[in-house]
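Data block below; observations after.
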Protein chains: 2
Amino acid sequence: MTAGTAPATAGGQEDTRTRLLATALRLFTEHGVEATSLQMIADALGVTKAAVYYHFKTKDEIAGAVAEPGLRELEVVLEEASRLRRRGARVDHLLSGFVDVVVRHRALIALFARDPGVTRALANSWSEVLSIRMMELFAGPEEDESRVIAAHAAIVGIALTGGAPQFAEMDDDTLRGHLLEVGRRLLGRPRRSA
Amino acid sequence: MTAGTAPATAGGQEDTRTRLLATALRLFTEHGVEATSLQMIADALGVTKAAVYYHFKTKDEIAGAVAEPGLRELEVVLEEASRLRRRGARVDHLLSGFVDVVVRHRALIALFARDPGVTRALANSWSEVLSIRMMELFAGPEEDESRVIAAHAAIVGIALTGGAPQFAEMDDDTLRGHLLEVGRRLLGRPRRSA
DNA sequence: GTCTATAGGCGGATAGAC
DNA sequence: GTCTATCCGCCTATAGAC
């Protein structure tokens with residue numbers, strides 16, 4: 001640990017940082033973000049709080065880093081969708097892509113949903129931008145009030161239902177189907193023809 | 001202390017406690033729950049922290065007390081709904097009642113949705129019971145998976161959209177109408193005949 | 001029954017030595 | 001990159017005055 005024992009990746013520098021994130025995720029999942037102190041993370045890693053602070057300037061930054069993978073996937077889906085020409089196709093692609101991301105990362109969402117503090121941590125970064133772009137794509141440019149409300153309800157409904165502990169045991173495909181249906185009803189999209 | 005936290009009755013001797021709750025609500029609204037310290041509340045009241053501590057054993061208890069009025073209204077709606085015979089009528093009554101409560105207390109919801117402590121404080125009390133009863137009434141006893149998902153999405157979608165800061169300026173009646181529509185689509189209820 | 005004074009302990013965060 | 005040492009603010013708790 002001390003010197004020259006970091007065979008990790010090509011760079012070799014991200015060893016501790018990666019372990020830190022993995023440990024943080026585990027502790028966050030077990031106790032929730034707020035209830036997990038930097039001291040606990042440091043202890044679990046066998047280092048001191050200050051060592052943790054070397055890698056992340058703040059606790060929110062750790063939470064943000066833990067959340068990032070899911071957000072990146074969402075960003076990809078958003079870009080794909082925005083490149084489509086027809087509005088219906090854009091909405092459909094974004095909907096199914098969003099549902100995919102939610103289902104795949106539902107453990108993470110459950111975590112964040114339970115700890116609104118994380119929401120704040122994310123809001124500081126680019127998640128706010130993502131949510132604005134999602135709203136634009138879902139609701140369209142007409143600024144129709146009822147569309148905007150429906151889009152908002154769809155986003156939070158899908159995300160928080162997908163992350164709800166009650167449905168944690170449901171298998172991915174089933175959950176995906178149900179959440180798609182939620183989105184279709186709210187966004188006024190027809191069920192895909194069989 | 002025990003339970004009586006309803007909006008002051010004709011008592012008159014609950015002065016400090018009532019003032020405390022009003023002050024707490026104001027500060028919570030201004031700065032958020034987490035960012036409001038007992039010290040701030042005490043200072044605003046002109047007393048010491050320990051005086052605050054005398055009335056409420058913990059900060060979460062204050063948050064819970066602030067939230068209680070809305071939850072009590074929801075409970076009334078739930079009881080009314082559960083007394084109705086036809087299932088459709090039960091769903092409709094609960095939906096419109098829920099939307100009413102959400103719209104009326106949306107400032108509170110906005111507050112709670114953004115803050116960690118409150119969520120936890122409420123989970124410890126009876127809000128969990130309320131949400132279970134809501135799910136039962138909305139989804140019915142058949143335990144239909146897709147109904148349960150839709151009901152969950154409706155509840156969180158309505159609540160969090162109603163409390164969303166983006167729509168804070170929207171007037172009550174308009175918002176109510178849109179949220180009702182969200183609920184109707186997800187719960188499969190027809191729009192009231194015109 | 002209501003409040004003040006005071007103190008413990010923990011949390012996040014920073015500075016600077018190694 | 002990691003550590004020691006330290007600051008500050010917060011929640012909680014207790015003892016005791018009025």
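In what follows, every chain begins at residue 1, and chains take the letters A, B, ... in the order their sequences are listed.
- The number of heavy atoms from other shown groups lying within 6.0 Å of CD (A/Glu169) does not exceed 12.
- Here D/dG1 presents its C1' atom at 14 Å from CZ of A/Arg17, a figure rounded to the nearest Å.
- Of the possible donor and acceptor atoms, none in the side chain of B/Lys49 sits under 3.5 Å from a partner among the backbone N and O of B/Ser37.
- Looking at heavy-atom distances under 4.0 Å, A/Ser37 makes contact with sugar-phosphate atoms alone, never a base.
- Straight-line distance from the CG atom of A/Leu45 to the P atom of D/dG1: 14 Å, rounded to whole Å.
- Side-chain atoms of A/Glu80 and A/Val76, non-hydrogen and from C-beta on, do get closer than 4.5 Å to each other.
- Checking each of B/Arg191, B/Arg189, B/Arg184 against B/Asp92 for a salt bridge (Lys or Arg N to Asp or Glu O under 4.0 Å) leaves exactly one that passes, namely B/Arg189.
- Sequence order on DNA chain C of the closest nucleotides to A/Gln39 and B/Gly46 puts B/Gly46 first from the 5' end.
- Listed by chain and residue number, nothing satisfies the ring pair (Phe, Tyr, Trp, His ring centres under 6.0 Å) test with B/His178 (two or more places apart in sequence, or in another chain).
- A close approach under 4.0 Å does not occur between any side-chain nitrogen or oxygen of B/His55 and OP1 or OP2 of C/dG1.
- Atom CD1 of B/Ile41 and atom C1' of D/dC11 are 12 Å apart (whole Å).
- The phosphate of C/dC3 (OP1 or OP2) has no side-chain N or O of B/Thr48 nearer than 4.0 angstrom.
- In this structure, B/Tyr54 does not reach the C/dC3 phosphate: none of its side-chain N or O atoms is under 4.0 Å from OP1 or OP2.
- One can place NE2 of B/His31 at 16 Å from P of D/dG9, the figure rounded to the nearest angstrom.
- One can place CG of B/Asp15 at 17 Å from P of C/dG1, the figure rounded to the nearest angstrom.
- Side-chain contact between B/Val102 and B/Leu175 is absent, with no heavy-atom pair separated by less than 4.5 Å.
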How would you summarise protein contacts on nucleotides 12-18 of chain D per nucleotide, using B for base, S for sugar-phosphate only and - for none, with heavy-atom distances below 4.0 Å?
BBB----
